[in-house]
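A short worksheet on the structure shown next.
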Amino acid sequence: MPQQYMSAPVNGGLQNHLAEPLRVGVLGFGGLGQAACRVLAPKREMRWVAAADQKGYAYNPDGLNADACITAYQSQGTLGYLDGEGTLSSDSIRELIGQARQVDGYFLALPNLPNTFMASVAEEFIRSGWQGVLVDAIKRTSAVEQILALSEALKAAGITYLTGCGATPGLLTAAAALAAQSYSEVHRVKITFGVGIANWEAYRATIREDIAHLPGYTVEQARAMSDAEVEALLDQTNGLLTLENMEHADDIMLELAGICDRDRVMVGGVVDTRNPKKPLSTNVQITGRTFEGKISTHTFTLGDETSMAANVCGPAFGYLKAGIALHRRGVYGVLTAAEVMPQFVR
Ligand code: NAD
C-alpha cells in the first residue's frame, strides 16, 4: 500500500485536526436542543458555542454553559435573556449565523412546521455566506426531498448537509444499511419505535409532528392546534399515539443508498406522552435473501433505558463530526445518514 494512502485514512484523519475542539451550535432549544447541550457538556472534541430559539439567541466562542442556558430558557422563555451572552430577536437564526462566523457546524433541532421550514433554514445558511456542516433530524420523506433539491446550491455554497440524522430516520436507518450487507437482496425493512416521555410539553414539536401522521390529520392541521386541543386529543387516547405506515424518510434514504425500493420500508410506533417508560422496545428488522438463497431477518433493538433524546442527539453529533471530516476534505452538498458512518464524539 503506498505510504501516502496509509498516512491519509479514509475518515479524513479528523483526529489529527482535533487539537482544538470543534465549535458547534444548536438551533432550536426545546426538548432536543436542551438535551443536545447536555450531551455536549462532557465532550472534549466539541465545544457548544451558539444556540437559538424562536425569540432570541446566545453566542460565546469560548463556550456556553448548559445549566445557565436551560435556566434562562425555562424561567424567561428565551436564551435572549442570558446575561452577557444572550440577544433578544424575532429573527434569531439569521442574526446568529450572521454574527457567529466561528462555528464549524450546527445541529438543527428545530420543528419542521410548516413542512418547508427546515429547507428555508438551509436557504438562509446559503444566503449568509457561512461555510460549514449542518445536521438535521427531520422525519418526513417530503421534507428530506426538499433538502435533497438544495444539494447543488449547498455544494456551491461550501456547505456539507447531513439529513435524517436522528433516531428514525438516523440511527435505525444506518443500522438497516449495515445489516443489509449480509443479503443479496433486501425484502423488507420494518422500523417500530417506542417512545416514552413524562409530559408532551417537553417535546411540543415532536408531538405535533406525530399527530400530523394520524389518520385524518395534516401537518398544517397539527401545527394550527392549540395546546388545549393537543391535550384534549391526548386525553381521548390516554396519552398514547399509535402510528402506522408513516411517511418517514428512512424509505427514501435507503432507496438512495441503493439498499431497497422505498415501498419495502415501513415505519410505525407508539408514543406514550405520560410515562417516560417506553411502551415497546424500539427496533429495526431487516429481512432479505442471502447469496445461498436463505431468507433471514436481522433485528437491531435499542436498549429500553435509552431515551429518545439520547438516540437522537448522540447520532446527530456523531454525524456532525463525520460531516466536518468530509467538509475538510472538500466534500460538500447533501448526504444522508444511510450513506455516511457517524463518528463517535469523545
Ligand atoms: P420543541 O417544540 O421542544 O422545541 C422547538 C424549539 O425550536 C424551541 O426552542 C423553539 O423556540 C425553537 N424555534 C421554533 N421556531 C423557531 C424559529 N423560527 N427560529 C428559531 N428557533 C425556533 O421541539 P422538539 O420536540 O425538541 O423537536 C425538534 C425536532 O426534532 C422536531 O422537528 C422533531 O420532529 C424532530 N425529532 C426527530 C427525531 C428523529 O428521530 N429523527 C426524534 C424526535 C424529534
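Order of appearance sets the numbers: ligands from 1, and atoms from 1 within every ligand.
Classification of Asp235 and Arg274 as a salt-bridged pair holds, one side-chain N sitting under 4.0 Å from a carboxylate O.
Distances below 4.0 Å separate heavy atoms of Ala205 from the following atoms of ligand 1: 1 (P), 2 (O), 23 (O), 25 (O), 27 (O). Listed by number with element, the atoms of ligand 1 under 4.0 angstrom from any heavy atom of Ser92 are 19 (N), 20 (C).
Some N or O of Gly31 is nearer than 3.5 Å to an N or O of ligand 1, by distance alone. In terms of polar-atom proximity, defined here as any N/O pair under 3.5 Å, Phe29 does make such a contact with ligand 1. Where the criterion is an N or O separation shorter than 3.5 Å, residue side chain and backbone included, Gly30 meets it with respect to ligand 1. Annotation: Ala137 places an N or O atom under 3.5 Å from an N or O atom of ligand 1; distance criterion only. Polar contact check, Leu32 against ligand 1: a nitrogen or oxygen pair lies under 3.5 Å apart. Checked by distance only, ligand 1 and Gly28 stay at 3.5 Å or farther apart across all their nitrogen or oxygen atoms. Checking only distances, Ile93 never comes within under 3.5 Å of ligand 1, N or O to N or O.
What sits closest to atom 24 (P) of ligand 1 on the protein, heavy atoms only, is Thr206 OG1, 3.5 Å.
Note that Lys43 lies in the cation-pi zone of Phe344, set by a 6.0 Å cut-off to the ring centre and a 45° limit from the axis.
Partner of Phe193 under the side chain to side chain contact (heavy atoms under 4.5 Å, CB included) criterion, out of Val270, Val271, Asn283: Val271 alone. Just one residue in the list Tyr59, Trp48, Phe125 forms a ring-ring contact (aromatic ring centres under 6.0 Å, His included) with Tyr106, and that residue is Phe125.
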query = Please walk me through it: do Tyr319 and Gln343 pass side-chain hydrogen bond (donor to acceptor under 3.5 Å, both in side chains)?
reply = CA-CA 6 Å; Tyr319 280 106; Gln343 290 187 12; over 6 Å; no
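Leu240 and Thr237 get closest at one heavy-atom pair: O-OG1, 2.7 Å.
Assignment of Tyr73 to the shell around ligand 1 is supported, since a heavy atom sits closer than 4.0 Å.
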